[in-house]
Amino acid sequence: MSQPVVLDPAQAAIVLALTTDACRDMFQTLGSPVELVQEPTGPAPDICAFIGFSGPSRGTLMISSTSELFRSSYPSQGSPPSVVDLFDWAAEVANQLMGRIKRRFCERGVDFEVSAPTAVKGRDLGGRSPARAGACNLAFTIGNQLVGVCLEITPPDSGKIFKDQAEPIGCAVEGDLVLF
Amino acid sequence: MAATVLVIDDSRAIRQQVGDALAQAGYSILEAEDGVQGLSTLSAQHDIAMVICDINMPNMNGLEMLAKLKADPQNAALPVLMLTTEGKADLISQAKRSGAKGWIVKPFKADQLVAAVRKIVGK
């Protein structure tokens, strides 16, 4: 079996910075103060959403939090969301976070294709995954709810996701409207 | 009579959010979960004034759906607004070339969406 390509520390630091910035940008739209935490405490996450991406670099984004967070941030004003609605909203939050991460990668000249997201429910899903090579683990609090984010990324064979002096890939930003 | 807008997105939360905004503005809403279901709805319903469509969906993505819709003489004139987390300039250009009327990068503001729909189909 071939050895996994290892991301060098400088590149890993860029991934961490871009992902942290994208998380802050995304989570502040969910309606409560956002804080990056080093020692996660709070109610155990019970919903986990996943979304994959592929290209020269490939991987998975996972976001886990409580039903309460997804219930309180559910965007529709109609009847209270069902459990299935909460899965669906968690998956959409993962999708929108992936969109923000992708835009930040594009600004550094890196593009990838994104899959359709999905979500599962369980007990004590944990705010963070075990540390492993190529995984960027973050924990935030949004109000009093804990959110875990794990971005696992496998770089190209060169080991470099970001090239020196890469041309940015043009992107519209969140909320932009273009009429043709 | 209220104009009918078909909202195609695999996220029920987004379909509801779009539906809430447009219903308050007086539009009627139909929903579909992906491009396949969207085309099926278009075949069955002939009073749809506009389509709002996501890109990343299972079964058939939004750009494939747009191309098929524009290739169908019965629906070719139907305005389509893309609503997606994707913001890449080349995808936006592709949608424009395929005949889309506009592009919004999620998340959207309700008043912005309603204004765009009004501009495209009128009240």
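Proteins get letters first, then strands, A, B, ... in listed order; numbering begins at 1 in each. Treat the numbers as computed from the prediction; the structure is a model and nothing was measured.
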For this session: Could you look at A:Val173 and say if it's the side chain, the backbone, both or neither that has a heavy atom under 4.5 Å from chain B?
Result: backbone
Problem set entry | A:Gln145 and A:Thr66: side chain donor to acceptor below 3.5 Å | yes
Problem set entry | Residue part contacting chain A, namely of B:Gln112, when any heavy atom lies under 4.5 Å | both
For this session: Under 4.5 Å, counting heavy-atom pairs only, tell me which of B:Lys119, B:Arg15, B:Lys106, B:Met82 racks up the most with chain A.
Result: B:Lys106
Exercise. What part of A:Ile169 lies closer than 4.5 angstrom to a heavy atom of chain B: side chain, backbone, both or neither?
Worked result: side chain
For this session: Please flag which part of A:Asn95 lies under 4.5 Å from any non-hydrogen atom of chain B: side chain, backbone, both or neither.
Result: both
For this session: Please examine the side chains of B:Thr4 and B:Ile29, heavy atoms only from C-beta on, and report whether any two atoms are closer than 4.5 Å.
Result: no
Problem set entry | Best-contacting candidate, B:Gly102, B:Pro58, B:Ala115, against chain A by heavy atom pairs under 4.5 angstrom | B:Gly102
Exercise. Hey, does the side chain of B:Lys101 reach the backbone of B:Val80 with a donor-acceptor pair shorter than 3.5 angstrom?
Worked result: no
Exercise. When only pairs under 4.5 Å are counted, which of B:Lys88, B:Gln17, B:Lys109 shares the most heavy-atom pairs with chain A?
Worked result: B:Lys88
Exercise. Do B:Arg12 and A:Glu92 meet the salt-bridge criterion of a basic N to acidic O distance under 4.0 Å?
Worked result: no
For this session: Work out which heavy atom in A:Ser57 is nearest to a heavy atom in A:Pro155; give both atom names and the distance.
Result: OG-CA, 3.9 Å
Seminar exercise, completed: Scored by heavy-atom pairs under 4.5 Å with chain B, the best of A:Gly170, A:Gly99, A:Pro117, A:Pro81 is A:Gly170
Problem set entry | Mutual orientation of the aromatic rings belonging to A:Phe27 and A:Phe140 [parallel < 30°, tilted 30-60°, perpendicular > 60°] | perpendicular
